Amino acid sequence: MKNNFSQETRSLFEEAWECWICGMNTSDSLHHITGRGTEEGVESSPLNACLICNNKCHISNHNSLKTENKIKKLLEKTYKYLSKINYEFTNKDVSFIEKYIKYYK
């Protein structure tokens, strides 16, 4: 698959285990909240990542994860998480927010 998250992005989430869908400490993958986009696109930003249980919450609920309400909630949770761990936002992150600004209002 194209536009996987970098190891640097993955490392930001490696100390957290809570699935952002079911709330259990069983997350085992990162979900692209707004989709993968293009290889060089802003969708590889850590702001587009959320912790999730791949089989239980990701694969079986993929369509419901694409609703506007769910996207907004997951992006908000990711923003709060990254702020809490003192992540320094990059130009790519700013571009991601600009592209998906409707979810941050």
Side-chain angles (χ1 to χ4, degrees):
M1 294 191 158
K2 296 188 185 235
N3 201 8
N4 290 325
F5 291 115
S6 69
Q7 187 54 45
E8 182 180 342
T9 294
R10 291 180 179 285
S11 69
L12 296 169
F13 296 89
E14 65 187 8
E15 297 298 318
W17 291 96
E18 178 189 348
C19 173
W20 294 1
I21 303 301
C22 71
M24 298 184 69
N25 286 330
T26 54
S27 68
D28 57 3
S29 66
L30 286 177
H31 167 63
H32 288 81
I33 300 168
T34 64
R36 290 179 175 269
T38 60
E39 189 69 28
E40 66 283 349
V42 297
E43 287 78 11
S44 62
S45 164
L47 288 167
N48 192 30
C50 78
L51 291 161
I52 195 165
C53 304
N54 194 44
N55 288 322
K56 177 181 164 193
C57 297
H58 188 208
I59 295 171
S60 62
N61 296 309
H62 201 264
N63 286 340
S64 67
L65 295 174
K66 295 299 178 187
T67 64
E68 293 222 354
N69 189 41
K70 186 61 79 173
I71 289 170
K72 185 173 184 170
K73 286 181 180 179
L74 293 173
L75 289 175
E76 180 180 324
K77 188 158 183 132
T78 299
Y79 186 89
K80 286 180 180 178
Y81 171 80
L82 292 173
S83 296
K84 182 180 175 183
I85 64 166
N86 297 316
Y87 171 72
E88 291 188 33
F89 295 101
T90 67
N91 289 337
K92 182 179 272 192
D93 300 324
V94 172
S95 295
F96 177 83
I97 290 172
E98 289 171 350
K99 181 174 182 178
Y100 293 101
I101 192 66
K102 70 179 185 178
Y103 296 115
Y104 289 96
K105 291 183 176 183

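Owing to the predicted nature of the structure, the values given are computational and were not obtained by experimental measurement.
- Atoms OG and CG, on Ser27 and Asn25 in that order, are 7.5 Å from each other to the nearest 0.5 Å.
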Practice prompt. Apply side chain to side chain donor-acceptor pair (under 3.5 Å) to Lys70 and Ser64, showing your working.
Written response: CA-CA 7 Å; Lys70 186 61 79 173; Ser64 67; over 6 Å; no

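- Considering Lys99, Arg36, Lys92 as possible partners of Glu43, the one that fulfils the side chain to side chain donor-acceptor pair (under 3.5 Å) test is Lys99.
- Considering only heavy atoms from C-beta on, Ile59 comes within 4.5 Å of Asn54 through its side chain.
- Between Thr9 and Ser44, the shortest heavy-atom distance links the atoms OG1-O, 4.0 Å.
- A distance of 8.5 Å separates CG in Leu30 from CH2 in Trp20, rounded to the nearest 0.5 Å.
- Summarising the geometry of Lys56 relative to Asn61, their closest heavy-atom pair is O-ND2, 3.6 Å, with the distance given to 0.1 Å.
- A salt bridge does not link Lys72 with Glu68: none of the charged nitrogens is closer than 4.0 Å to a carboxylate oxygen.
- Heavy-atom neighbours of Lys77 NZ from other residues, nucleotides or ligands within 6.0 Å: above the threshold of 12.
- Atom-to-atom distance recorded for Ser45:OG and Phe89:CZ is 8.0 Å, nearest 0.5 angstrom.
- Side-chain contact between Leu47 and Tyr79: present, with at least one pair of heavy atoms (C-beta onward) separated by less than 4.5 Å.
- In this structure the side chain of Leu82 reaches within 4.5 angstrom of the side chain of Phe13, judged on heavy atoms.
- Atom CD1 of Ile85 sits about 5.0 Å away from atom CG of Leu12, to the nearest 0.5 Å.
- Heavy atoms from other residues, nucleotides or ligands lying under 6.0 Å from OH of Tyr87 number more than 12.
- Nearest heavy atoms, Cys22 versus Cys53: SG-SG, 3.9 Å.
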Worksheet entry | Derivation of the ring pair (Phe, Tyr, Trp, His ring centres under 6.0 Å) call for Phe96 and Tyr100 | CA-CA 6 Å; Phe96 177 83; Tyr100 293 101; 4.8 Å; yes

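- Contact of the Cys19 side chain with the Leu51 side chain is not registered, since no non-hydrogen atoms from C-beta on lie closer than 4.5 Å.
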Fill in: Step-by-step salt bridge (Lys or Arg N to Asp or Glu O under 4.0 Å) determination, Glu14 to Arg10
CA-CA 6 Å; Glu14 65 187 8; Arg10 291 180 179 285; over 6 Å; no

Item to complete: For side-chain contact (heavy atoms from CB on, under 4.5 Å), just list the numbers for Ile97 and Ile101, CA-CA rounded to whole Å, side-chain angles, deciding distance to a tenth of an Å, and then say yes or no.
Response: CA-CA 5 Å; Ile97 290 172; Ile101 192 66; 4.1 Å; yes

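- The minimum heavy-atom distance linking Thr34 with Asn48 is given by the pair N-OD1, 2.7 Å.
- The side-chain heavy atoms of Pro46 and Thr78, taken from C-beta on, include no pair separated by under 4.5 Å.
- There is no path of hydrophobic side-chain contacts, each under 4.5 Å, that joins Val94 to Leu75.
- Scanning all heavy atoms of the two residues, the minimum distance from Ala49 to Ile33 falls at O-CD1, 3.7 Å.
- Using cut-offs of 30° and 60° on the angle between ring planes, the pair Phe5 and His32 is parallel.
- Taking all atoms of both residues into account, the shortest heavy-atom contact from Leu65 to Ile71 is O-CG1, 3.6 Å.
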